[in-house]
2 protein chains.
Amino acid sequence: MKKFKRVTSMDVAKEAGVSRATVSYILNDVQGVSIKESTKKKVIQAAKKLGYYPDSMAVALKTNKAMSIGIVSKRNISEQRYIKFLDGVKSAIGDNYSIILCSDHVDNFGYPEYYSYYKRKKIDGILFLSFQEHLAEEKIDDYLHMSVEENIPIVFADYHLNNQMVNCVDINYYHGAYMAASYLIKNGHEEIIYLTPDFDTEQEQQRRKGVEDAVNEHKGIKLIKTPISTDNDKEIEAVIEILSKKDEYSAIITSWSKMAYTVLYQAQQLNISIPNEISVIALAGSNFDVYTYPRLTTCNLPLFELGQKSAERLMNMLTDTNTLPLNITLPCKLKERDSTKGI
Amino acid sequence: MKKFKRVTSMDVAKEAGVSRATVSYILNDVQGVSIKESTKKKVIQAAKKLGYYPDSMAVALKTNKAMSIGIVSKRNISEQRYIKFLDGVKSAIGDNYSIILCSDHVDNFGYPEYYSYYKRKKIDGILFLSFQEHLAEEKIDDYLHMSVEENIPIVFADYHLNNQMVNCVDINYYHGAYMAASYLIKNGHEEIIYLTPDFDTEQEQQRRKGVEDAVNEHKGIKLIKTPISTDNDKEIEAVIEILSKKDEYSAIITSWSKMAYTVLYQAQQLNISIPNEISVIALAGSNFDVYTYPRLTTCNLPLFELGQKSAERLMNMLTDTNTLPLNITLPCKLKERDSTKGI
DNA sequence: CTGTTAGCGCTTTCAT
DNA sequence: ATGAAAGCGCTAACAG
């Protein structure tokens with residue numbers, strides 16, 4: 001491999017017969033300095049001719065900006081969620097910023113990677129994507145501290161923090177669940193099973209409240225809340241048990257689409273016709289919902305928008321240090337398919 | 001926001017009563033310099049006390065290494081594929097390198113983002129993940145040029161380049177397809193439908209060859225190759241048409257799992273029993289395969305390993321410039337589920 | 001064994 | 001309208 005000599009702004013300056021400063025002014029389109037059109041042209045041409053690319057590390061060192069943001073998410077996060085979110089982020093940050101994936105592994109500095117990255121100036125800010133609180137309860141306080149006390153530009157996406165001091169873009173799980181339940185009730189369902197995971201998170205609380213509120217607004221609706229294990233085998237067992245009592249209800253709401261898939265699968269197995277015997281609706285969607293049989297009615301989470309809005313928020317913080325913290329809540333959308341019908 | 005004065009190695013040096021060089025030596029554990037244990041301790045303690053984090057941009061500028069790698073993939077890539085690959089990459093690059101997501105959008109430099117990132121030293125090398133050639137045929141030559149002529153450290157993951165000059169980690173689509181077809185034949189299937197996308201890629205050619213070779217090894221097997229449109233509606237139409245002639249064959253192979261989902265769905269709709277009337281197998285897998293009814297038999301692609309091996313390769317190139325290019329091929333694994341049975 | 005010092009490539013203030 | 005020069009924080013060759 002032959003040693004490649006980097007083309008620097010000095011080279012461009014020489015080639016164009018100007019100084020490095022001028023090159024910088026022109027290439028960065030600096031406001032407040034006016035430069036002759038002819039010089040401008042010369043410099044731009046010289047840069048092109050030599051194949052000049054400013055060294056981003058040198059720029060970063062000088063300007064104290066890495067021009068990168070970090071995204072942190074637990075590994076075991078639902079995969080779909082992650083990618084759609086990422087797409088949203090990309091769409092909002094533009095060409096100048098890049099995305100660095102951060103883990104929360106403790107590194108050689110004794111801190112989680114995202115923290116070290118920030119401290120080492122590898123990233124300018126952090127986007128937290130729905131860390132699952134029940135998995136690491138205590139961390140939230142650390143995050144809050146980082147955001148409020150340490151003044152690290154952070155946006156929490158898909159968090160429900162209720163804290164006016166931090167930037168938070170939340171999904172309205174409450175309203176999504178409310179819509180889903182209302183939809184069922186409007187369609188004449190009066191006995192409804194509600195399948196939730198067997199642990200409690202803010203998210204699940206919101207959903208539960210949404211479902212309950214919808215139910216309570218109507219007389220004589222019976223809601224049977226049933227926490228089920230997230231363990232695969234146990235989940236299946238529980239679903240079979242529930243399906244065996246199908247006469248006691250006419251509709252099932254599930255917190256996750258995965259649960260709904262299991263319901264649909266087992267219903268087939270047991271020869272129970274969906275939606276004729278039971279309607280099924282999930283409080284989250286995925287790309288597979290159009291392939292289940294029957295196609296699954298869901299309440300879709302606004303993941304792309306989540307990424308977009310969170311990133312916008314973060315960009316604001318980075319460009320204008322006086323931005324006030326904001327809590328935003330994004331609505332879900334009900335997507336009616338074939339797994340639900342009226343009575 | 002109060003102006004935060006960065007803690008530099010100078011500060012640490014002062015605090016510990018040594019010079020900046022010593023601090024650097026100790027903190028970077030530089031080989032070939034021996035330093036008194038007591039000094040070492042002093043410095044480490046000082047660093048901890050002051051909360052010193054080396055500025056990665058300064059380090060990068062100095063060492064000429066960004067300690068980041070870029071990953072490039074078309075947007076419309078299957079989502080699952082992306083994340084599993086990423087997991088593999090993460091597992092291989094360790095704590096010191098980070099992952100930057102790159103698009104192939106042309107930026108203000110007039111080049112695709114990944115190229116500019118490299119030229120600007122934001123990344124040290126590039127991982128290309130299965131760009132879909134049929135979407136941008138001409139690009140491959142650019143990549144090859146970048147890799148061979150420009151000497152940019154690049155690894156092609158899920159490419160079938162047949163080029164000993166570049167690093168390439170490929171998936172053995174041929175063998176996967178061969179296995180799948182053989183499996184069907186071994187189970188007594190003699191008339192097989194083979195559903196492919198209606199465009200031709202290296203990947204599909206490999207698969208086709210695999211299926212054909214398996215078929216040709218046996219007497220009297222009839223293979224009906226059927227390209228179908230990737231347009232959703234047309235795909236459904238085609239599948240219905242095919243299912244209507246179910247007496248003419250006993251098994252279906254699909255290139256993609258998405259196609260198999262459609263087959264399964266439409267079979268339900270038409271009251272055709274899978275696997276009793278028709279066996280179905282897909283030449284790629286996804287997380288959803290255990291939720292289809294019946295659960296789908298697939299040939300799983302080694303995506304995690306793909307990420308892992310590609311990243312290992314890239315790491316080699318970055319640490320040892322004399323690494324010779326290598327073409328690696330990773331095997332698929334047949335995962336038998338319920339959509340196939342013997343005759 | 002430890003310190004001095006010269007840059008890495010860039011931006012930006014100040015001078016002209 | 002343009003140039004000179006300081007310095008961001010670090011590493012590493014060289015000195016001692």
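Everything numeric here is computed off the predicted structure, so don't read it as measured data. Atom set for the values below is all heavy atoms of this structure, side chains included, hydrogens, waters and symmetry mates excluded.
Legend: residues meeting side chain to side chain donor-acceptor pair (under 3.5 Å) with B/S116, ordered by chain and number and at least two apart, are B/D107. Every side chain to side chain contact (heavy atoms under 4.5 Å, CB included) that B/L50 has, sequence neighbours left out, goes to B/V7, B/D11, B/V12, B/E15. Contacts of A/T22 classified as side chain to side chain donor-acceptor pair (under 3.5 Å), with partners at least two apart in sequence or in another chain: A/S19.
For A/K42 and D/dA1, the NZ to P distance is 15 Å, given to the nearest whole Å. Atom C1' of nucleotide D/dC8 and atom CE of B/M10 are separated by 15 Å, given to the nearest angstrom. Put simply, NZ on B/K122 is 18 Å from P on C/dG9, counting in whole angstrom units. One can place CD1 of A/I35 at 13 Å from P of C/dT12, the figure rounded to the nearest angstrom. As rounded to whole Å, 16 Å separates atom P of D/dG7 from atom CG of A/N64. Here D/dC8 presents its P atom at 12 Å from CG of B/D55, a figure rounded to the nearest Å. Computed from coordinates, the A/I26 CD1 to C/dT11 P distance equals 12 Å when rounded to whole Å. Between A/M57 atom CE and D/dG7 atom P there is a gap of 25 Å when expressed in whole angstrom units.
Sorted by first and then second residue, the side-chain hydrogen bond (donor to acceptor under 3.5 Å, both in side chains) pairs with a member in residues 50-60 of chain A read A/D55-B/K121; sequence neighbours excluded. The salt bridge (charged side-chain N to carboxylate O under 4.0 Å, His left out) pairs that include a residue from residues 58-70 of chain A number zero, where partners must be two or more places apart or lie in different chains.
Under the ring-ring contact (aromatic ring centres under 6.0 Å, His included) test applied with A/F128, the options A/Y115, A/F85, A/F156 reduce to a single match, A/F156.
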At a cut-off of 3.5 Å, list every protein nitrogen or oxygen paired with a nitrogen or oxygen from nucleotides 11-14 of chain D, distance to 0.1 Å.
| from | atom 1 | to | atom 2 | distance (Å) |
| --- | --- | --- | --- | --- |
| D/dT11 | OP1 | B/N28 | ND2 | 2.8 |
| D/dT11 | OP2 | B/S24 | OG | 3.1 |
| D/dT11 | O2 | B/K62 | NZ | 3.1 |
| D/dA13 | N6 | B/Y25 | OH | 2.8 |

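Listed pair A/S19 / D/dG3 meets the phosphate criterion, a side-chain N or O lying under 4.0 Å from OP1 or OP2.
Within 4.0 Å of B/L61, counting heavy atoms only, lies at least one base atom of the nucleic acid.
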